[in-house]
Amino acid sequence: MANLSQMKKDLRRRRAWVTARKVTQYLMLALFLLLFLLARRDGGWSGEVSNLPFRLDPLTMLANRLAGPAAAGAGLAIITLLLTLVFGRAWCGWICPLGTVLDLVPLKRGRGKRRPPAEGWRMAKSILLAATLSAALLGSLTLLVFDPLTLFYRALTTALLPMLDRVVLWLEGALFRLPFLSEPVASFDAFIRPALLPVTPDHFRDGLLFGLLFAGVVSLNLIAERFWCRYLCPLGAMLGWLSKIALFRRVPGESCTACSLCPERCPTGTIDAQKGYASDPSECTMCLECLTTCSHSRVVFTPKPAAWQAYDPGRRAFLNTIALSAAAVVLTQSGALAKREPPFLIRPPGVREANEDALEVTRCIRCSACMRTCPTNAIQPGVLDAGLQGFGAPLIVARLGYCDFACNACGEVCPSGAIPALSLEQKRLTVIGKAYIDEDRCLPWADGTECFVCEEMCPLPEKAIVLQEAEPGGVRAPLVKRELCIGCGICEYKCPVNGEAAIRVYVPDAAVA
């Protein structure tokens with residue numbers, strides 16, 4: 001009876017550890033979402049607070065450092081590395097928001113009894129890690145689009161939150177038609193805007209693409225539980241290599257009865273029955289599910305040397321990856337866009353000065369924090385605007401929004417320094433483009449119709465757009481004083497001409513075709 005009582009006590013203790021892990025997961029996910037939602041200029045938290053998750057991410061901070069000067073606050077990533085050296089890949093099992101989402105959407109029914117891919121597939125994430133860091137050494141951070149934090153944040157910014165916003169608007173519109181609900185609906189809308197949702201809906205180019213990319217990562221659970229974490233995650237690979245020398249790791253007890261229950265419960269499939277139910281510490285996320293499966297407490301967590309696995313890439317695989325990554329970066333950097341920059345590639349204020357290459361935006365970790373915090377929805381994710389090397393980097397699309405003369409939020413929230421933290425006075429003097437008028441589309445020039453919207457909207461103290469004196473019987477037409485123009489784009493955004501604006505902002509000193 002005493003043994004039975006002790007067994008029950010041990011089981012409760014082990015279940016308490018698993019409960020603690022799940023509670024921590026949900027709290028970390030909630031904190032990540034809270035930081036995301038409150039990363040707004042109007043009443044939002046400061047950039048140093050809202051971008052904290054990225055500064056704790058050792059992959060984004062290391063890649064950023066390899067590509068250029070270290071970002072402010074990058075040293076916080078050491079906390080994650082120290083945590084890994086003690087507890088292994090606890091970040092993946094306890095903290096990572098994408099990992100928590102994958103646990104919440106396991107898709108077990110859809111997977112059925114399908115066997116996971118061969119163990120050799122686990123090498124893919126280490127290869128992706130090597131490619132990411134190799135490219136970073138050559139100044140390209142494009143592959144950071146596969147970092148789990150940037151992937152999740154970008155999907156939230158460009159797809160998931162805009163989709164939620166439209167669902168809320170649709171429901172509010174439907175309920176508002178009922179007279180007795182109109183006032184509560186209006187009060188609810190005033191409560192959530194701008195605190196949680198934008199006052200006006202955000203519109204992002206290629207939001208469907210980024211939404212589908214995130215959905216694809218989740219859907220991979222149909223092939224194997226936590227497929228992303230097992231086979232593809234470059235951050236997981238980095239933490240996995242450190243976990244091989246971690247202080248605590250899972251070790252089967254000497255009295256293991258080979259009941260084969262723990263391999264079925266392991267979400268990353270790293271417990272190998274053919275190796276005495278041992279597990280690879282670089283694949284174990286410290287989820288502790290094996291503790292509750294073993295009815296006799298025959299699993300312990302203790303220091304023990306890690307064995308080399310067949311799927312761990314060797315020196316030849318790393319060298320080949322480095323060579324291929326270097327070749328790919330060099331080829332993209334020698335493409336046609338590198339010779340003549342696209343005329344409408346308008347970057348946020350200070351980007352051209354803070355980065356060696358405006359095409360690649362060499363310090364940008366592709367996190368989309370600037371897009372989230374932009375109050376006018378002007379900052380958009382690049383896809384092929386600057387070639388593959390500029391994928392995911394921010395650019396300003398003036399027809400969708402303008403660079404607010406009274407805002408410097410993007411620089412304050414940027415965790416990598418790709419957009420420098422300019423003061424408002426500095427930002428107002430920073431040239432990001434120059435406006436040109438298409439006289440064939442401009443209403444006064446082409447049709448003799450009076451229009452002075454662009455001149456009226458120009459925010460500069462000494463306006464960069466002036467109206468010429470009207471000829472007898474004619475109307476005044478706008479002219480751009482380009483020596484004053486900073487390229488904020490409000491003239492292009494407000495231009496009343498349908499379709500392409502009659503006044504457009506070009507990159508600084510760009511020739512007009």
Side-chain angles (χ1 to χ4, degrees), residues 47 51 54 57 59-61 63-69 71 131-132 135-147 149-159 204-207 209-210 213 325 328-329 331-333 335-338 340-374 377-398 400-401 403 409-411 413-422 430 432-433 487 489 505 507-508 510:
N51 67 23
F54 298 107
D57 184 339
L59 177 57
T60 58
M61 292 298 100
N64 175 259
R65 180 64 186 90
L66 293 175
T132 302
L137 273 172
L138 295 174
S140 175
L141 298 183
T142 304
L143 289 178
L144 282 181
V145 295
F146 296 110
D147 177 87
L149 292 189
T150 65
L151 190 153
F152 188 32
Y153 202 101
R154 188 169 57 252
L156 285 171
T157 299
T158 62
F204 288 98
R205 305 184 316 159
D206 302 298
L209 171 64
F210 296 110
L213 179 61
S325 301
V329 172
L331 284 173
T332 56
Q333 292 177 345
L337 291 177
R340 186 171 293 275
E341 187 177 348
F344 302 116
L345 192 66
I346 309 301
R347 297 298 191 188
V351 167
R352 292 180 177 275
E353 293 76 17
N355 296 266
E356 292 183 7
D357 192 329
L359 283 176
E360 293 185 293
V361 192
T362 46
R363 301 185 65 185
C364 175
I365 63 174
R366 276 60 174 174
C367 67
S368 300
C370 55
M371 302 168 203
R372 168 64 185 151
T373 197
C374 180
N377 196 204
I379 304 180
Q380 299 284 318
V383 179
L384 297 178
D385 305 82
L388 286 174
Q389 64 268 42
F391 186 88
L395 69 153
I396 291 178
V397 180
L400 295 177
C403 186
C410 57
V413 78
C414 179
S416 67
I419 305 177
L422 302 174
T430 302
I432 62 176
V505 177
V507 296

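If you read the sequence from its start, that first residue is 1, and numbering goes on from there.
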Taken to the nearest 0.5 Å, the spacing of Arg65 CZ from Leu137 CG works out to 10.5 Å
Is there a side chain to side chain contact (heavy atoms under 4.5 Å, CB included) between Glu353 and Thr430? Walk through the geometry before answering. CA-CA 10 Å; Glu353 293 76 17; Thr430 302; 4.3 Å; yes
Heavy-atom donor-acceptor pair, Arg154 side chain to Ala159 backbone, under 3.5 Å: no
Starting at CG of Leu395, measure out to CD1 of Ile432 and round the result to the nearest 0.5 Å. 10.5 Å
Do Val383 and Leu209 touch side chain to side chain, with heavy atoms closer than 4.5 Å? yes
Which atom names give the shortest non-hydrogen contact between Gly433 and Val505, and what distance separates them? CA-CG1, 3.8 Å
Check whether any side-chain N or O of Arg366 sits under 3.5 Å from a backbone N or O of Cys364 as a donor-acceptor pair, and report yes or no. yes
Looking at Pro420 and Val351, what are the two nearest heavy atoms and their distance? CD-N, 4.1 Å
To the nearest 0.5 angstrom, please state how far the CZ atom of Arg363 sits from the CG atom of Leu141. 10.0 Å
On the 0 to 90° scale, with breaks at 30° and 60°, tag the Phe391-Phe210 ring pair as parallel, tilted or perpendicular. tilted
Determine whether a donor-acceptor pair (N or O, by modelled atom type, separation under 3.5 Å) exists between the side chain of Gln380 and the backbone of Arg205. yes
So, Thr373 side chain and Ala369 main chain: donor-acceptor pair closer than 3.5 Å or not? no
Sub-3.5 Å donor-acceptor pair from the side chain of Asn355 to the main-chain atoms of Asp357, do we have one? no
Checking Ser368 side chain against Thr157 main chain: does a donor-acceptor pair fall under 3.5 Å? no
Flag, side chain of Asp147 to backbone of Val145, donor-acceptor distance under 3.5 Å: no
Considering non-hydrogen atoms only, spot the tightest contact between Ala67 and Thr362 and give its length. CB-O, 3.3 Å
Of all the heavy-atom pairs spanning Ala63 and Leu144, show the shortest one and how long it is. CB-CD1, 3.9 Å
Measuring from Leu359:CG to Ser140:OG, what's the distance to the nearest 0.5 Å? 11.0 Å
Minimum heavy-atom distance between Pro508 and Arg352, given as atom pair plus value: CD-NE, 3.8 Å
Output the distance between atom CD1 (Ile379) and atom CD1 (Ile346), rounded to the nearest 0.5 Å. 12.5 Å
Minimum-distance pair of heavy atoms, taken over all atoms of Ala354 and Gly417: CB-O, 3.8 Å
